[in-house]
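As structure tokens, the structure follows; a few thoughts come after it.
Everything quoted here is computed from the prediction, not taken from an experiment.
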Amino acid sequence: MKQRTLWMWSALGLACGAAHAQSSVTLFGVVDVGVLHTRAGGVGSVTALGNGGLSTSRIGFRGTEDLGGGLRAGFWLEGSLNPDSGTGRATNTNNQPSGATTAGPLVFDRMSFVSLSHTQWGEVRLGRDFIPTHYNSIYFDPFNANGVARAGNLTFSGVGTAPLPTGITGSNTVSYWLPRQLGGVYGMAMAGTGENLSNAANSDDGNFAGARLGYASGAFDVAAAVTRSQFSSTATIGNYTHANIGGSWDAGFAKFFALYNRVTVKLAAGSVRKNTAEVGAHIPVFDVGRIRLSYAYLDDSSDSALRTAGGQPRSGDDARQFGVGYVHNLSKRTALYGTYARISNRGEARYTVSGGSAPVGGHSSSGWELGVRHTF
């Protein structure tokens with residue numbers, strides 16, 4: 001009897017150990033801080049301590065559990081950080097311009113979802129995540145949507161008549177991701193809601209949907225995406241559509257990128273239409289670094305009725321952006337980087353490098369940053 005009891009307890013211990021071995025939780029993050037200097041033509045310059053010039057500073061927790069038969073459960077919690085001031089970042093609650101924002105020591109503004117995935121059937125995520133078009137920006141912008149030379153300096157600026165709470169991330173979302181074993185084909189579809197009463201005047205405010213489809217094989221990768229958001233408030237009623245297509249090709253001696261964005265905002269007073277084309281490259285430097293290059297051109301074909309002064313670029317006023325940078329890897333986790341960007345505004349455009357003040361209309365904007373990134 002005693003031997004049987006010992007055997008039962010041993011078996012139970014092995015079973016518990018096996019179950020524990022099938023689950024995992026990981027703490028991860030990035031701390032990226034640098035010196036940032038920006039100059040706005042006709043206004044002046046600022047030197048400050050910035051962050052996220054190479055990669056967005058963040059802290060996160062992710063975990064998975066093997067449920068057997070190819071089925072896995074998982075979660076992801078990831079929040080942006082401002083290590084230069086020791087704070088977290090604000091996040092929009094219900095994808096609405098007037099929606100409440102929450103900021104504090106830490107908010108999970110980047111990702112916060114639970115998921116179920118299967119090796120053959122794909123993955124379903126519930127919660128907050130990047131929208132389909134932003135995934136294209138991350139992968140096909142040579143500056144990975146970060147720092148003074150990011151393509152978003154042109155893509156999202158000048159649409160202030162329509163707030164963009166779903167320009168990068170979306171709350172209250174359900175998304176489906178294709179399985180990986182599709183011969184290089186990948187993609188996802190997403191829908192989010194503003195969680196309004198069905199009989200409310202602004203029942204559609206914050207609702208959005210989008211999708212992304214791509215193909216990767218060897219050195220080639222190409223993907224197209226679209227996201228459409230609705231907004232309705234006392235100030236504005238309309239919709240926001242962002243579509244983009246991007247690709248990359250790794251030729252060995254360099255990796256080339258191309259990204260095209262089209263942003264359309266339909267309002268009662270007319271339409272905002274902005275088209276941005278960008279090309280760039282990563283050039284390896286021995287085994288320890290890479291040079292980053294990009295050139296972007298913005299064509300603004302918005303309706304003349306929406307030409308405004310104030311802090312926003314006027315429609316019909318175009319801009320060009322040039323960016324160059326270098327990343328030097330001290331180790332697998334730590335890198336030094338430097339980036340310079342310049343925007344040449346035309347007409348009365350006031351586009352600015354990220355983190356900088358808006359210049360006088362038609363004047364240039366420039367900036368450089370030197371920083372350190374450490375991942376863990």
Side-chain angles (χ1 to χ4, degrees), residues 24-38 46-64 76-89 105-112 130 134-135 137-153 168-169 219 221 248 250-257 259 280-294 322-341 353-356 366-376:
S24 66
V25 176
T26 301
L27 168 68
F28 64 95
V30 176
V31 180
D32 182 331
V33 183
V35 177
L36 171 67
H37 178 84
T38 58
V46 175
T47 301
L49 202 64
N51 75 88
L54 181 58
S55 303
T56 302
S57 295
R58 72 197 81 160
I59 188 169
F61 310 86
R62 61 176 180 258
T64 60
W76 197 300
L77 299 171
E78 183 177 331
S80 302
L81 298 174
N82 296 314
D84 54 323
S85 59
T87 62
R89 296 186 183 179
L106 177 64
V107 289
F108 296 114
D109 62 304
R110 289 173 61 84
M111 295 181 178
S112 57
F130 293 124
H134 190 61
Y135 276 104
S137 297
I138 293 173
Y139 289 111
F140 301 126
D141 176 358
F143 288 88
N144 304 110
N146 281 286
V148 294
R150 64 184 181 184
N153 293 338
I168 295 176
T169 52
D221 190 0
S248 65
D250 192 342
F253 66 92
K255 185 174 183 178
F256 298 97
F257 300 86
L259 179 64
H282 288 177
I283 303 173
V285 179
F286 301 107
D287 295 324
V288 295
R290 67 183 184 275
I291 298 170
R292 303 191 295 173
L293 302 169
S294 72
F322 168 74
V324 59
Y326 176 69
V327 180
H328 186 84
N329 298 307
L330 298 177
S331 69
K332 291 183 178 180
R333 296 181 178 272
T334 304
L336 304 176
Y337 65 88
T339 307
Y340 172 81
V353 297
S354 54
S366 63
W368 56 261
E369 54 195 349
L370 299 172
V372 182
R373 181 198 65 186
H374 179 73
T375 63
F376 60 91

Would you be so kind as to tabulate the donor-acceptor pairs closer than 3.5 Å made by side chains of residues 366-373, with sequence neighbours excluded?
{"unit_1": "Glu369", "atom_1": "OE2", "unit_2": "Val148", "atom_2": "N", "d": "3.0"}
{"unit_1": "Arg373", "atom_1": "NH1", "unit_2": "Ser55", "atom_2": "OG", "d": "3.0"}

Worked verdict on Leu49 versus Leu36 for side chain to side chain contact (heavy atoms under 4.5 Å, CB included) = CA-CA 6 Å; Leu49 202 64; Leu36 171 67; over 6 Å; no

request  = Go through the steps to decide whether Phe322 and Ser294 satisfy the test side chain to side chain contact (heavy atoms under 4.5 Å, CB included), and finish with yes or no.
outcome  = CA-CA 6 Å; Phe322 168 74; Ser294 72; over 6 Å; no

request  = Would you check, one step at a time, whether the test side chain to side chain contact (heavy atoms under 4.5 Å, CB included) holds for Ser112 with Glu78?
outcome  = CA-CA 6 Å; Ser112 57; Glu78 183 177 331; over 6 Å; no

request  = List the steps and the verdict of side chain to side chain contact (heavy atoms under 4.5 Å, CB included) for Asp109 and Thr169.
outcome  = CA-CA 8 Å; Asp109 62 304; Thr169 52; over 6 Å; no

message = Show, in sequence, the C-alpha distance, side-chain angles and deciding distance for Asn51 and Asp84, and conclude whether the side chain to side chain donor-acceptor pair (under 3.5 Å) test is met.
response = CA-CA 7 Å; Asn51 75 88; Asp84 54 323; 3.1 Å; yes

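Ring pair Phe376/His374 is parallel by interplanar angle, where below 30° counts as parallel and above 60° as perpendicular.
Using a 3.5 Å distance cut-off with no hydrogens or angles, the side chains of Thr87 and Asn82 do pair a donor with an acceptor.
Applying the side-chain hydrogen bond (donor to acceptor under 3.5 Å, both in side chains) test to pairs two or more places apart or on separate chains, those with a residue in residues 139-148 are Thr56-Asn146.
Residue His282 comes nearest to Pro142 through the heavy atom pair NE2-O, 2.7 Å, listed as atom of the first residue, atom of the second, then distance.
Here the OH-CG distance, from Tyr326 to Leu336, works out to 9.0 Å after rounding to the nearest 0.5 Å. Tyr337 OH to Leu54 CG: the interatomic distance, rounded to the nearest 0.5 Å, is 6.0 Å.
In this structure, the ring of Phe140 has its center no less than 6.0 angstrom from the ring center of Phe257.
A cation-pi arrangement is present between Arg62 and Phe28 under the rule of less than 6.0 angstrom and at most 45 degrees off the ring axis.
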